[in-house]
Amino acid sequence: MSTLDDDCYQADAEMLPYLKGMDILKNQTHTVVGTEIVSLPKALGRVLAEDIQAPLSVPPHDNSAVDGYGVAFADLAPDGETRLPVTARIAAGHPLDRSAESGEAVQIFTGGAMPVGMDTVAMQEDITLDGDDVIIPAGLKLGANRRLRGEDIQKDDVIIKSGTMLRAQEIGLAASIGLGHVKVYKPLRVAVFSTGDEIADPLFDGVDAVGGGQGTIYDVNRYSIAALLRGFGCEITDLGILQDNVAEIRGALHDAAPGHDLIITSGGVSMGEEDHITRVVESLGSIDFWRLAIKPGRPMAFGKVVDTAFIGLPGNPVAAMVIFMRVARCLIMRMSGRTETDVPAFQVPAGFSMTKKKGRREWLRASLEINSDGVMQAHKFPQQGAGILTSMVASTGLIELVEDVEGVEEGDLVSFLSFGDMTQ
Ligand code: AMP
Ligand code: MG
């Protein structure tokens, strides 16, 4: 007599390992977006489409790091104070129109260009003025308080590589070399659907309409997935909720394909009679894999609708977000022209014990906490069900347990991936 096993993940042996699935996905995926020129203020969050090479050095001239008095180090007494006449005043943006002579000092302000012939600055706070002379105490080092030309950027350096998503830092760096416009990739055009007869839209079906008693639940995934896509700079088309109906799903996917680079659905990718997505996608294009040996998110699909890439996320809201971060993120980065980087995995001692089934990859919602000995530990959220969306809010990242792992003992090092690193 056969027995029931209430582990819905029992058939893992027949499923594709995570890394094999990712190899298939990576091999099929390349940059699909064109390029455009945008002004620097519009470039935040965009993906750079060419290397940026510096046409000049930064800073462009030696300059003072402080308010003070510029001198030639050679004029300073080796052990004793030095008195020099102050012959000029150099404010930032007002360089001296001659070279400095030996034996003179200049008053200079932060950012002021060092005159040729001077190499050292005494800080305002350290000197004494006596009439038109400055008295500089002993001990100033050669080059003190001077910033060198090119100490940040050398002319011809590649300062930002093609494929970088531009953050505030990169925007600032581009401005520092005088770049007003940059060549970036056009945004990836992504169509997003939810599926399920039970799904109601919080925007249009208010509490009164749903009432919680009609077997309906509110759509989470269209909102959370669109929010995630925004972090990757995508242009999103919200195509609403599809009923569990083959003809409706087929028509909607078929119509969405031409104007989009990627279609993302959630729900309807399991094996049930009401799960139509995989079959419909296969009939309109292809399914490259379906079901990975992972938890959460085992039923998920990757393929094509006609020529448009397709990702079918699981319906459970936690699983949908986790699979977005661990599978779809890679696809979206590659299609958007971004250089794909691995999410940094911090090795942190576990603050818990658990057993795990060998052969599948698991992600646990977790947070880093400091224990009473001052040691950082990773703690998993107590409820790990794929429908426990509060776990995503209470946690700061995922612990990734690879296929070989059969359990975790308190104190074992585990890989912690922060949500921040997986959502941009
Ligand atoms: P499915 O994969 O369609 O069987 O869905 C799995 C579970 O996720 C079911 O309990 C669904 O009601 C739920 N679900 C599916 N889509 C959504 C959605 N867009 N928002 C919230 N829950 C969903
Ligand atoms: Mg469903």
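All ligand and atom numbering here is 1-based and tracks the order in the structure. Quantities reported herein were computed from a predicted structural model and do not represent experimental measurements.
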Considering only non-hydrogen protein atoms, determine which one is nearest to [atom] and report residue, atom name and distance to 0.1 Å.
atom: atom 7 (C) of ligand 1; result: N316 OD1, 3.5 Å
atom: atom 20 (N) of ligand 1; result: V220 N, 2.9 Å
atom: atom 4 (O) of ligand 1; result: D275 OD1, 3.9 Å
atom: atom 22 (N) of ligand 1; result: I217 CD1, 3.4 Å

I'd like to check which ligand 1 atoms, numbered from 1 as shown, lie under 4.0 Å from a non-hydrogen atom of [X].
X: P317; result: 21 (C), 22 (N)
X: E198; result: 11 (C), 12 (O)
X: D219; result: 18 (C), 19 (N), 20 (N)
X: N221; result: 16 (N), 17 (C), 18 (C), 19 (N), 20 (N)
X: G267; result: 2 (O), 3 (O)
X: Y218; result: 20 (N), 21 (C)
X: G268; result: 1 (P), 2 (O), 3 (O)
X: S194; result: 19 (N)

Using a 4.0 Å heavy-atom cut-off, which part of R222 comes near ligand 1: side chain, backbone, both, or neither? neither
Give the contacting part of I241 toward ligand 1: side chain, backbone, both or neither, where contact means a heavy-atom distance below 4.0 Å. neither
Exercise: do [X] and [Y] side chains pair donor with acceptor under 3.5 Å:
X: S395; Y: R365; value: no
X: S162; Y: D51; value: no
X: S283; Y: R250; value: yes
X: D67; Y: T110; value: yes
X: Y223; Y: D201; value: yes
X: Q347; Y: S415; value: yes

Distance-only, no hydrogens or angles: does the D219 side chain make a donor-acceptor pair with backbone N or O of N221 under 3.5 Å? yes
Counting only N and O atoms by type, is there a donor-acceptor contact under 3.5 Å from the side chain of E170 to the main-chain atoms of R167? yes
Determine, stepwise, if the pair F302 / F289 fulfils ring-ring contact (aromatic ring centres under 6.0 Å, His included). CA-CA 5 Å; F302 167 64; F289 62 76; 5.5 Å; yes
Please report whether ligand 1 has a polar contact with I199, defined as an N or O pair separated by less than 3.5 Å (distance criterion only). no
Between G315, G272, S266, flag the one that comes closest to atom 23 (C) of ligand 1 by a heavy atom. G315
Of all residues at least two apart in sequence or in a different chain, which pass the side-chain hydrogen bond (donor to acceptor under 3.5 Å, both in side chains) check with D412? none
